[in-house]
Number of protein chains: 2
Amino acid sequence: MMVAYSPEIELDSVDQKILQILQNDGRLTNAELAKQVHLSPPAVHARVKRLEQKGVIARYVALVDRQKVGYDNLCFVEFSLQLHRYEQIQNILDKVTSWPEVLECHNVTGEYDYVLKVAVKNTQSLEHFISKKMIPLEGVAKVHTTLVLKEVKATTAINILDD
Amino acid sequence: MMVAYSPEIELDSVDQKILQILQNDGRLTNAELAKQVHLSPPAVHARVKRLEQKGVIARYVALVDRQKVGYDNLCFVEFSLQLHRYEQIQNILDKVTSWPEVLECHNVTGEYDYVLKVAVKNTQSLEHFISKKMIPLEGVAKVHTTLVLKEVKATTAINILDD
DNA sequence: CTAGTATGCTGAATATCATTCAGAATGAGG
DNA sequence: CCTCATTCTGAATGATATTCAGCATACTAG
């Protein structure tokens, strides 16, 4: 069965399986992938290239163990904007997204306007981030920080298969 | 200069550069990587293998464009536990982390005990997740959902280089 | 029903790349 | 100054991706 999610992109069950597998091992060899989906290597290769070209596979990345490189400290930083400063949004977002400690920035509903996922080395660097980077931002009203005590689950893989 | 973050793991500036590069392109060829860090392919290969073996590089993954596969809807679901149900924590976490729509689960400080990052297809599936999966969990007190209106930045790459 | 066309497959051939290895260079410690 | 450990390089090898010709299948139009 074909499933068209987004316009122009149809994924059959083999495509779905390929995505499911590559989301868990982005470096699996083409031959091994072919074996798992019961196709020949060239057939799988063509499908993977198509998925890359269509942007379904956005990119391949190596995931680094944060703790092993000293970025043990994860937190969520929420902030909202001053009502009369909405023309500065882009300016603020440009700055915020340029900071390497900011892994994610989401515009959200609720009490705050934005949520950041931030990785820092320790409490000192977090304090520095909040007081020297966040607070001085022109147009920011409230800032609220939530510390992550334990990362219970962390995956980048979304469920592609039909439910 | 050598930097020892975690015990037994030292990363020189070449290792750091390798990590920086592979975090942005996990499928870069060894030869190309070698060129970028000004070393021979075998030398780089040995370093990458060492980083993998030490667990600094945890894994390689393909990142899928959520919108292109119909999982447009991202949200944060916070919940806290009933005080007298703390013995059920593991039970709850086992269930929560087994659900494929839950990408992340963090134990956090603040008003709620846990924050989930959840990817669903649409409002219906979010409603289903909240009312049919979260609410029925024995021992869960409060549940609060924040919708992501726009993903402004999303990276998995942490800044390895010294600051 | 059938010719024509498009799509997607396979297996063999080729090209690219990872991986191994021997030997050379470098730096630290005695 | 010598020795050992580390890490490098370049050449050789092996594994893998990639290309291609030919074949099967399904769909379309007459």
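Protein chains get the first letters and strands the later ones, always in sequence-line order, with residue 1 at the start of each. All heavy atoms count here, side chains included; hydrogens, waters and symmetry mates do not.
When rounded to the nearest whole Å, the span between CD1 of A:I18 and P of C:dG8 equals 12 Å. Separating the CG atom of B:D12 from the C1' atom of D:dT6 is a distance of 12 Å, rounded to the nearest angstrom. Atoms CG (B:L33) and C1' (C:dT16) sit 16 Å apart, rounded to a whole Å. When rounded to the nearest whole Å, the span between CZ of B:R50 and C1' of D:dC8 equals 15 Å. Distance B:K35 NZ to D:dT9 C1': 17 Å, rounded to the nearest Å.
Remark: of the listed residues A:H128, A:K133, A:K121, A:K133 is the sole one forming a side chain to side chain donor-acceptor pair (under 3.5 Å) with A:E101.
Using cut-offs of 30° and 60° for the angle between ring planes, the A:H106 and B:F76 rings count as perpendicular.
Ion pairing between B:R50 and B:D15 holds under the 4.0 Å rule for side-chain N and carboxylate O. With respect to A:R47 and A:D12, a salt bridge is recorded, a charged nitrogen being found less than 4.0 Å from a carboxylate O.
Listed nucleotides: C:dT10, D:dT9, D:dT7. Nearest to the side chain of A:S40: C:dT10.
With B:Y112 as the aromatic partner, B:K142 meets the cation-pi criteria of under 6.0 angstrom to the ring centre and within 45 degrees of the ring axis. A cation-pi arrangement is present between B:R27 and A:Y60 under the rule of less than 6.0 angstrom and at most 45 degrees off the ring axis.
Of the side-chain N and O atoms in A:R47, one or more sit less than 4.0 angstrom from OP1 or OP2 of C:dC9.
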Using nucleotides 14-20 of chain D, report all nitrogen or oxygen pairs with the protein that are shorter than 3.5 Å.
{"residue": "D:dA17", "atom": "OP1", "partner": "A:N30", "partner atom": "N", "Å": "2.4"}
{"residue": "D:dA17", "atom": "OP2", "partner": "A:N30", "partner atom": "N", "Å": "3.1"}
{"residue": "D:dA17", "atom": "OP2", "partner": "A:A31", "partner atom": "N", "Å": "3.2"}
{"residue": "D:dT18", "atom": "OP2", "partner": "A:H45", "partner atom": "NE2", "Å": "2.4"}
{"residue": "D:dT18", "atom": "O5'", "partner": "A:H45", "partner atom": "NE2", "Å": "3.2"}

